[in-house]
Every structure is written in C-alpha cells, then in structure tokens.
Amino acid sequence: MRLLIERTIDTGQERVAVLSEVEPDMLAQLGPLLREAIKSGQRVHVGAGWWCRAAVEQKRLEAELLRWVSGPALVSMRITPGKGDRPPILELGVADLLQAATHGRVTESQAGLARELARCLAWAWLERQR
C-alpha cells in the first residue's frame with residue numbers, strides 16, 4: 001500500500017493518505033498538466049477553476065494552487081519523496097486559502113477541492129517518479 005503523509009503547516013494537522021484514494025483517471029489527467037507546469041514555469045489550468053505553478057527544487061516538487069490565472073497563490077505545497085521505508089511527505093500551506101474562504105472569495109467547497117487537488121497533484125508527481 002502506497003502512503004503519503006499530508007501535513008498542514010498552518011494548522012499542525014497531519015493525516016495519512018493512500019494512493020487508492022485517487023482515481024487512476026485523475027492521475028492520468030493531472031500528470032501531463034503537472035509536467036507542463038514544471039517544464040514551462042507558467043501557470044497551468046488543472047481543472048475546476050484552479051491553476052498550478054510548479055518547479056522541482058532539490059528533488060522536491062514546489063507548487064502553488066491559484067484560484068484565478070492572475071491572482072495570488074492560495075495554497076503552497078512541497079512534496080518530498082520518501083526514502084527507504086519512509087513515505088513521502090506533502091506539506092501544505094493553506095493560510096491564504098482559509099483567509100479567502102473567511103472573506104467569501106472562495107466557498108468552503110472550493111477550499112476543500114483545493115486541498116484534494118493538492119493531494120492528487122502530489123500523487124501524480126510521485127507516480128511519475130517511480
């Protein structure tokens with residue numbers, strides 16, 4: 001069973017995610033979009049009104065999710081691959097997302113979708129590394 005530790009930096013929450021939570025079709029759809037974002041260095045539409053900007057730094061994926069193509073990043077994420085028997089880690093910064101939800105710039109549903117999308121992007125990148 002493939003595991004991913006998901007840490008929310010702003011709240012201190014942590015959960016264990018499993019690859020089976022993500023539909024294979026979602027991984028197949030997000031993989032090429034993430035590759036394009038990494039290669040181009042530009043914002044890429046990843047679906048449901050969300051945009052992603054990504055880069056690989058020191059064998060880690062550094063990415064941001066943006067609600068609007070020209071708007072600020074609402075979610076920051078860093079994916080560190082696992083080593084040996086240690087699972088990979090997804091670190092999420094969601095303070096801006098929570099603030100946007102508080103001020104009505106995104107709905108609770110959109111905020112939840114952003115977190116799920118971040119997890120799916122993490123898995124898409126990790127599966128590409130295999």
Looking at every non-hydrogen atom in both residues, tell me the closest pair between [X] and [Y] and how far apart they are.
{"X": "Asp96", "Y": "Ala73", "answer": "OD2-O, 3.7 Å"}
{"X": "Ala118", "Y": "Leu92", "answer": "CB-CD2, 3.6 Å"}
{"X": "Ala95", "Y": "Asp10", "answer": "N-OD2, 2.9 Å"}
{"X": "Val44", "Y": "Ser40", "answer": "CG2-OG, 4.4 Å"}

[X] side chain near [Y] side chain, heavy-atom distance below 4.5 Å:
{"X": "Val75", "Y": "Arg115", "value": "no"}
{"X": "Arg35", "Y": "Arg128", "value": "yes"}
{"X": "Glu21", "Y": "Val18", "value": "yes"}
{"X": "Val16", "Y": "Ile5", "value": "yes"}
{"X": "Leu90", "Y": "Leu126", "value": "no"}
{"X": "Trp123", "Y": "Met26", "value": "no"}
{"X": "Pro87", "Y": "Leu4", "value": "no"}

Gap between atom [atom2] of [Y] and atom [atom1] of [X] - 0.5 Å precision:
{"X": "Glu23", "Y": "Cys120", "atom1": "CD", "atom2": "SG", "answer": "9.5 Å"}
{"X": "Arg43", "Y": "Glu64", "atom1": "CZ", "atom2": "CD", "answer": "7.5 Å"}
{"X": "Glu62", "Y": "Ser76", "atom1": "CD", "atom2": "OG", "answer": "8.5 Å"}
{"X": "Arg7", "Y": "Gln13", "atom1": "CZ", "atom2": "CD", "answer": "13.5 Å"}
{"X": "Glu6", "Y": "Arg119", "atom1": "CD", "atom2": "CZ", "answer": "4.5 Å"}
{"X": "Glu127", "Y": "Leu30", "atom1": "CD", "atom2": "CG", "answer": "12.5 Å"}

Report, as yes or no, whether the 6.0 Å neighbourhood of atom CD on Glu116 holds more than 12 heavy atoms from other residues, nucleotides or ligands.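 At most 12 heavy atoms, drawn from other residues, nucleotides or ligands, come within 6.0 Å of this atom.
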Arg15 CZ: over 12 foreign heavy atoms closer than 6.0 Å: yes
Under the side-chain contact (heavy atoms from CB on, under 4.5 Å) rule, collect the residues that match up with Ala54, sequence neighbours excluded. Leu34, Ala37, Ile38, Cys52, Leu61, Ala63
Are Leu74 and Trp51 close enough, and set up right, to give a side chain to side chain contact (heavy atoms under 4.5 Å, CB included), and what steps lead you there? CA-CA 10 Å; Leu74 296 181; Trp51 298 77; over 6 Å; no
In terms of hydrophobic clusters joined by side-chain contacts under 4.5 Å, are [X] and [Y] together?
{"X": "Ile79", "Y": "Leu3", "result": "no"}
{"X": "Trp68", "Y": "Val94", "result": "yes"}
{"X": "Leu117", "Y": "Leu19", "result": "yes"}

Under the salt bridge (charged side-chain N to carboxylate O under 4.0 Å, His left out) test, residues paired with Glu91 that sit two or more places apart: Arg78
Per the side-chain contact (heavy atoms from CB on, under 4.5 Å) rule, which among Leu66, Leu65, Leu121 passes with Trp50? Leu65
